[in-house]
2 protein chains.
Amino acid sequence: MTTIHQVAEAAGVSISTVSYALSGKRPVSEKTRRRIEEAAAALGYMPDAGARMLAGRRTHIFALTEPLRADTHAPTHMAFVLATSIAARRHGYDVLLLTDEQASVGMSRVASSRLVDAILVLDVAPDDARVEIARSIRTPTIFIGLPDDAEGLTCVDIDFEAAGRLAVDRLADAGHTAITLLGQPAVSYRTSNFSRRLRRGVESGAQARDIALETTCSGELATDAGVVRAVVEAALARGDRAFVVHTVTDAHEVLLSVLADHGLRVGHDVSVVSAATAFDTSDLRTPLDTIPLVPSQSCDLAVEIALHRLEDRTSSPRIHLIPPEYHPAGSVRTLADR
Amino acid sequence: MTTIHQVAEAAGVSISTVSYALSGKRPVSEKTRRRIEEAAAALGYMPDAGARMLAGRRTHIFALTEPLRADTHAPTHMAFVLATSIAARRHGYDVLLLTDEQASVGMSRVASSRLVDAILVLDVAPDDARVEIARSIRTPTIFIGLPDDAEGLTCVDIDFEAAGRLAVDRLADAGHTAITLLGQPAVSYRTSNFSRRLRRGVESGAQARDIALETTCSGELATDAGVVRAVVEAALARGDRAFVVHTVTDAHEVLLSVLADHGLRVGHDVSVVSAATAFDTSDLRTPLDTIPLVPSQSCDLAVEIALHRLEDRTSSPRIHLIPPEYHPAGSVRTLADR
DNA sequence: TTGAAAGCGATACCAT
DNA sequence: ATGGTATCGCTTTCAA
């Protein structure tokens, strides 16, 4: 093992100079800095993590809590974990996993043992148990998602309400007067807040634009092709020609296949907007207008806020809502087609 | 923050006694131990992670490297991460995530900074780049999976070859003389070793039992319902009435639906064994005999081996293959049905 | 611009 | 059975 002493000796300087040269926390003459860097590289020096944690005020580790619920959509979840990890590494941070039902206990543990500098909370439930833990510890905690009671918390999330309104606005602009929301499985409205918020946005958007709205679920526990098919058939029977889709891939395909069965051309006879989807809709048979859910947006911001909180301990909690983006792909009919 | 000194003072003993009492590494009289535990609990004492890492020879952290490839099956992957995390926590260990393409760099980093005591390697590819990294570092590294060249490595995995043979044996015992292996998507045979090993086991089993074998893939890049349907139709046309299924959920459903279309009763007219599946086949319309892939089996063992390696640094690398288990559910025809 | 040295908070050895 | 203390390798103040 190479220590800072050996690097110092090799470079002919003191250990403090080595420390400062490598951390950049104090100006070091160009020449000695190069010597130190060369020595460090030659010896394969890497500061001891434990020593750094003990002496410094940073551990360079974030905890990431993720309560793997049964209804967790694995691919989306993984995308968030990956995005968080990449964002953290970009700032020299590693990610410690706090999985399973022990997430709450784990938070207290890593906080009081000073194992991590901050905690990032994924997959936030409306009445998340981690909320009260977060309030009880001094370790900065950032929620990626919005619980019902966010008092005193720092949260980062997409503005799902705005996303819902945005989707409706586009459809209303295209001249539609009746919209069907093809929503998440019913269980999602019980366990997640983002689905509710999106639905609320769609509802308020419809009200504001005087649109007739039908909101539906894509199944009970999971997305059910039969349910989706029935919902779409009913919508078409009502005369609805505009859909806001907020669910997983499969339902998109069912929707498109039903529309095709009816000989309806997406972007001409009917309009479809896919809202808050984490996957790539360009793989679908018909490209869809999307309001994408980009994990890196939330995760990058969460990491930055965490770091900022470490710099400035006095900065106060806040809710950061990221404005939704609309990505057109021709699936909403234009004025020319009316 | 509570330190060991404060606990010592509160309990009226020295810090070394506190350390020993809490770690149990030295006998401490029943009475003083209770006093110490009470004081620690009252003060909410939790040893400082950095100090422990520096002073002790353990960090109590495992690294878990996972290269999230495009074809990674997210739910299965998550199950392995969860199983590892649970096994680690059971021994007082936390799990540090090493994601993305930087997995190799990350391994060297956490090894030379002594951030972790051992590294667990998930989702092992046949020619995994992490193999050479593992050979170049001193940190004990356990592969959960088997690379082509495992020389000098410690690996834990299900014995997929035995699983393949087992599946064939059961079908042969039931009197079948022709079997179709409904395999993974083609890409899987390029990126994973376990699919190859299972196929090899099926092949050698078929040879040993003098069974006509047809091996197929369930699509090119991903499981493709059309391909699966065609494969099953072809098998039925050939007269095959026995299937070994080794792929994800969807293909199972397609298989069952085709069989139903033909009026074939699973467990009577046809036999089906699902091999090395991580998901719950009892959700299918027809329960299937399975040779389950239980993540906790591999992960628990991997963690135990890692800990053992830390105790006894001289213990030599080894490949640990876990024997497959056969779980009957009535989907293989019995003698009575012939 | 650089160096010396005081901690950081545990563990574990050496005493008693 | 318990206590004193050297030690781990770094960060950071204080001095020069």
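To find a chain, count down the sequence lines: A is the first, B the second, and so on, and within it residues start at 1. Both backbone and side-chain heavy atoms feed into the values below; hydrogens, waters and symmetry mates do not.
Judged purely by distance below 3.5 Å, without hydrogens or angles, the side chains of Thr32(A) and Ser29(A) pair a donor atom with an acceptor atom. In this model, no donor atom of one side chain and acceptor atom of the other lie less than 3.5 Å apart for Arg318(A) and Thr154(A). Residues Ser14(B) and Thr17(B) have side chains that bring a donor and an acceptor to within less than 3.5 angstrom of each other.
Checking dG3(D), dT2(C), dG9(C) against every side-chain atom of Thr17(A), the shortest atom distance belongs to dT2(C). In the set dA10(C), dT2(C), dT11(D), dA10(C) carries the atom at the smallest distance from any side-chain atom of Ala51(B). When the nucleotides dT12(D), dG3(D), dG3(C) are ranked by their closest atom to the side chain of Ser14(A), dG3(C) comes out on top. Picking from dT11(D), dT12(D), dT2(D) the nucleotide with the shortest atom distance to the side chain of Lys25(A) gives dT12(D). Listed nucleotides: dG3(D), dG9(D), dT2(C). Nearest to the side chain of Leu54(B): dG9(D). Residue Ser16(A) has its side chain nearest to dT12(D) when only dC10(D), dT12(D), dG3(D) are considered. When each of dG3(C), dT1(C), dC10(D) is scored by its nearest atom to the side-chain atoms of Arg52(A), the top-ranked nucleotide is dC10(D).
Take the nearest nucleotide of DNA chain C for Arg114(A) and for Pro27(A): the residue whose nucleotide is more 5' is Pro27(A). Toward the 5' end of DNA chain D, the nearer of the two residues Gly56(A) and Val28(B), judged by each one's closest nucleotide, is Val28(B).
Using cut-offs of 30° and 60° for the angle between ring planes, the His60(B) and Tyr93(B) rings count as tilted.
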When you compare the protein's N or O atoms with those of nucleotides 14-16 of chain C, which come within less than 3.5 Å of each other, and at what distance?
| unit_1 | atom_1 | unit_2 | atom_2 | d |
| --- | --- | --- | --- | --- |
| dC14(C) | N4 | Arg26(B) | NH1 | 3.4 |

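With sequence neighbours excluded, no residue forms a salt bridge (Lys or Arg N to Asp or Glu O under 4.0 Å) with Asp117(B).
Distance Arg57(A) CZ to dG9(D) C1': 19 Å, rounded to the nearest Å. Spacing between atom CG of Leu43(A) and atom P of dG9(D) amounts to 15 Å, rounded to whole angstrom units. Rounded to whole Å, the distance from CD on Gln6(B) to P on dG9(C) is 9 Å. Nucleotide dT11(C) holds its P atom 12 Å from the NE2 atom of His5(B), rounded to whole Å. Atom CD1 in Ile4(B) sits roughly 15 Å away from atom P in dC8(C) (whole-Å rounding). Taking atom CD1 of residue Ile15(A) and atom P of nucleotide dA5(C), one finds them 11 Å apart after rounding to whole Å. Spacing between atom CG of Asp48(B) and atom C1' of dC8(C) amounts to 8 Å, rounded to whole angstrom units. The CE-P distance, from Met46(B) to dA10(C), rounds to 12 Å in whole Å.
No side-chain heavy atom of Leu321(A) sits under 4.5 Å from any side-chain heavy atom of Ile158(A). Counting heavy atoms from C-beta outward, Cys155(B) and Leu153(B) have side chains that approach closer than 4.5 Å.
At a threshold of 4.0 angstrom between heavy atoms, the contacts of Ser23(B) with the nucleic acid are absent. Counting any heavy atom pair closer than 4.0 Å across all strands shown, Thr2(B) reaches sugar-phosphate atoms only and no base atom. Among the protein residues, Ser29(A) comes within range of the sugar-phosphate backbone only, with heavy atoms under 4.0 Å from sugar or phosphate atoms but none that close to a base.
The base of dG9(D) is not paired with the side chain of Thr3(A) by any donor and acceptor separated by under 3.5 Å.
Taking a cutoff of 4.0 Å between a charged side-chain nitrogen and a carboxylate oxygen, Asp123(B) and Arg130(B) do not qualify as a salt bridge.
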